[in-house]
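Step one of this worksheet: look at the structure below.
Counting from 1, the numbers follow the sequence of the chain as shown.
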Amino acid sequence: QVQLVESGGGSVQAGGSLRLSCAFSGIPSSYCMGWFRQAPGKGREGIVVLSSDGTKDYRESVKGRFTISRDGAKKTLYLQMNLLKPEDTGMYYCAADFRRPGSPCFATNVITLDNRGQGTQVTVSS
């Protein structure tokens with residue numbers, strides 16, 4: 001059974017940084033893992049995904065500012081967010097699912113992954 005628990009959200013001023021963590025368990029050896037967010041009154045938005053083959057895919061608006069990484073020993077997925085903007089405000093969710101070998105993972109599809117955590121709030125003020 002997959003379990004995902006996010007932490008690390010908070011309030012920062014524009015230009016600041018935050019690092020989100022997602023403690024995971026039960027992840028299959030072939031996976032897509034990533035982050036999506038939802039701003040108040042808006043739909044879910046896939047941000048970034050990491051494939052078990054090491055490839056990453058980022059949403060255009062976060063390229064160069066956000067970095068996804070994974071520590072297998074600690075069973076934790078990270079999202080380092082730099083140069084934060086007010087439009088980055090939202091609830092951030094970690095998500096994961098089995099990846100059929102050879103199939104790519106896309107950031108836009110993170111919102112469709114079957115397993116997700118409870119979310120952590122990120123607020124960026126101008």
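Taken to the nearest 0.5 Å, the OG atom of Ser61 stands 7.0 Å off from the CG atom of Asp88. How far CD of Gln80 is from CZ of Arg19: 7.0 Å, rounded to the nearest 0.5 Å. To the nearest 0.5 Å, the span separating SG on Cys94 from CZ on Arg116 amounts to 11.0 Å. Taken from CD in Gln13 to OG1 in Thr123, the straight-line distance is 12.5 Å, to the nearest 0.5 Å. With rounding to the nearest 0.5 angstrom, the OG atom of Ser21 is 9.0 Å from the NZ atom of Lys74. For the atom pair Thr112 OG1 and Arg44 CZ, the distance stands at 10.5 Å (nearest 0.5 Å).
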*When you look at Leu4 and Tyr93, which way does the side chain to side chain contact (heavy atoms under 4.5 Å, CB included) test go after all the steps?*
CA-CA 9 Å; Leu4 304 165; Tyr93 298 87; over 6 Å; no

*Could you walk me through whether Met33 and Ile68 pass the side chain to side chain contact (heavy atoms under 4.5 Å, CB included) test, one step at a time?*
CA-CA 10 Å; Met33 294 188 72; Ile68 190 172; 5.7 Å; no

*Can Thr120 and Ser7 be said to form a side chain to side chain contact (heavy atoms under 4.5 Å, CB included), step by step?*
CA-CA 6 Å; Thr120 186; Ser7 62; 5.6 Å; no

*Verdict with supporting geometry, Phe66 and Val48, side chain to side chain contact (heavy atoms under 4.5 Å, CB included)*: CA-CA 8 Å; Phe66 290 12; Val48 58; 5.9 Å; no

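The closest side-chain heavy-atom distance from Thr89 to Gln121 is below 4.5 Å. With contacts defined as side-chain heavy-atom distances shorter than 4.5 Å, the pair Met81/Val124 does not qualify. Two residues are said to be in side-chain contact when any heavy atoms from C-beta on lie closer than 4.5 Å; Thr55 and Pro104 fail this criterion.
Across all their heavy atoms, Leu50 and Arg70 have their closest contact at CD2-CB, 3.6 Å. Closest approach of Arg99 to Cys105, counting heavy atoms only: CD-SG, 3.3 Å. Shown here for Ser125 and Pro86, the closest heavy-atom pair between the two residues is C-CG, 4.5 Å. When all heavy atoms are compared, the tightest approach of Ser30 to Ser52 is CA-OG, 3.4 Å. In terms of heavy atoms, Asp97 sits closest to Asp114 at OD2-N, 3.2 Å. Closest heavy-atom contact between Arg65 and Leu83: NH1-O, 2.9 Å.
When atom types are taken as modelled, the side chain of Asn115 and the backbone of Ala96 share a donor-acceptor pair closer than 3.5 angstrom. With hydrogens and angles disregarded, no donor-acceptor distance shorter than 3.5 Å links the side chain of Glu6 to the backbone of Cys22.
Residues Tyr92 and Leu18 share a hydrophobic cluster, clusters being chains of Ile/Leu/Val/Met/Phe/Trp/Tyr side chains in contact below 4.5 Å. At a threshold of 4.5 Å between side-chain heavy atoms, the hydrophobic network of Ile, Leu, Val, Met, Phe, Trp and Tyr places Ile111 and Ile47 in two separate groups. Phe36 and Phe24 fall into different hydrophobic clusters, where Ile, Leu, Val, Met, Phe, Trp and Tyr side chains are chained together by heavy-atom contacts under 4.5 Å. Val110 and Phe106 fall into different hydrophobic clusters, where Ile, Leu, Val, Met, Phe, Trp and Tyr residues are linked whenever their side-chain heavy atoms come under 4.5 Å apart, directly or through other members. Met91 and Tyr78 sit in two unconnected hydrophobic clusters of ILVMFWY residues. Membership requires side-chain heavy atoms under 4.5 Å apart, directly or through other members.
For Glu60, the CD atom sits in a loose shell: 12 or fewer heavy atoms of surrounding residues, nucleotides or ligands are nearer than 6.0 Å.
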